[in-house]
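Quick notes on the structure that follows.
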Amino acid sequence: MTDIFSERLRALREGMGISQAKIAKLVGTTQASINRYENRVGLPPHATLLWYADYFDVSLDYIYGRTDKPEGKLYDYQPKIIDDSEEMQKFIEMCFDPKSPMNDRLKQTLLEMVKGENV
């Protein structure tokens, strides 16, 4: 087990001001188990690691030290939108109330953003 793994578990808990005993109760384990995980003596089970990731809203990549970004490696992934997607234009059309005085301006701005003209 790496130092970073144990350090991250401890930092997540301490960053929220939560005691080992409280984490143990939330996870459904013992305070001694949490202490072992944080002191590189034992490895938490898979379910406990998933709980940490969900509870603290971080990725497992972050917990394991594979990235320094808590949100993980793929968090910044943004699929490319096809510029002239007819479906996207239909979606944008139905999102705006035609009676709104800002409708045309908002719609045009969004269409330009989708096409990459305003990015």
Side-chain angles (χ1 to χ4, degrees):
M1 177 181 326
T2 65
D3 289 344
I4 190 109
F5 178 87
S6 297
E7 290 169 10
R8 295 253 165 108
L9 293 180
R10 178 184 305 273
L12 289 168
R13 178 184 59 75
E14 289 178 346
M16 297 288 287
I18 302 173
S19 69
Q20 287 182 344
K22 183 169 182 178
I23 287 290
K25 185 176 181 180
L26 292 169
V27 173
T29 190
T30 64
Q31 185 271 330
S33 292
I34 300 298
N35 188 53
R36 284 193 300 274
Y37 307 152
E38 291 183 2
N39 288 294
R40 298 178 300 278
V41 178
L43 284 171
H46 182 71
T48 300
L49 289 174
L50 289 175
W51 182 90
Y52 267 88
D54 290 342
Y55 186 80
F56 293 105
D57 195 23
V58 297
S59 71
L60 288 174
D61 282 336
Y62 176 76
I63 291 173
Y64 280 110
R66 293 179 58 183
T67 181
D68 289 332
K69 295 179 180 180
E71 62 272 356
K73 286 181 151 182
L74 299 178
Y75 188 82
D76 291 329
Y77 175 72
Q78 295 180 9
K80 182 170 173 51
I81 297 172
I82 300 171
D83 290 349
D84 294 321
S85 168
E86 190 174 323
E87 287 181 14
M88 181 59 80
Q89 289 183 11
K90 286 180 183 177
F91 173 76
I92 292 170
E93 289 285 342
M94 71 177 201
C95 286
F96 294 95
D97 178 4
K99 297 175 187 165
S100 167
M102 293 298 291
N103 181 54
D104 289 335
R105 185 173 178 190
L106 291 171
K107 183 171 49 175
Q108 188 59 39
T109 300
L110 188 53
L111 286 169
E112 288 173 5
M113 287 174 62
V114 168
K115 291 180 181 180
E117 296 172 9
N118 253 355
V119 182

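Just so it is clear, the model here is predicted, and its values are computed rather than measured.
- Expressed to the nearest 0.5 Å, how far OH of Y55 lies from CG of L26 amounts to 5.0 Å.
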_Candidate pair K69 and D61, rule side chain to side chain contact (heavy atoms under 4.5 Å, CB included), full reasoning_ = CA-CA 9 Å; K69 295 179 180 180; D61 282 336; over 6 Å; no
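- For the pair P44/L9, a side-chain contact is recorded, criterion being any heavy-atom separation below 4.5 Å from C-beta on.
- Annotation: the span from S6 atom OG to L43 atom CG amounts to 8.0 Å, rounded to 0.5 Å.
- Distance check, rounded to the nearest 0.5 Å: CG of D54 to CG of L49 gives 11.0 Å.
- A distance of 13.0 Å separates CZ of R8 from OH of Y64, quoted to the nearest 0.5 Å.
- Partner of T29 under the side chain to side chain contact (heavy atoms under 4.5 Å, CB included) criterion, chosen from I23, T48, I34: I34.
- Within the model, atoms OG1 of T30 and CZ of R36 stand 5.5 Å from one another, a figure rounded to the nearest 0.5 Å.
- Atoms CD and CG, from E38 and L12 in turn, are 9.5 Å apart once rounded to the nearest 0.5 Å.
- For the pair I63/F5, a side-chain contact is recorded, criterion being any heavy-atom separation below 4.5 Å from C-beta on.
- Between F56 and M16, the closest heavy-atom pair is CE2-CG, 3.5 Å.
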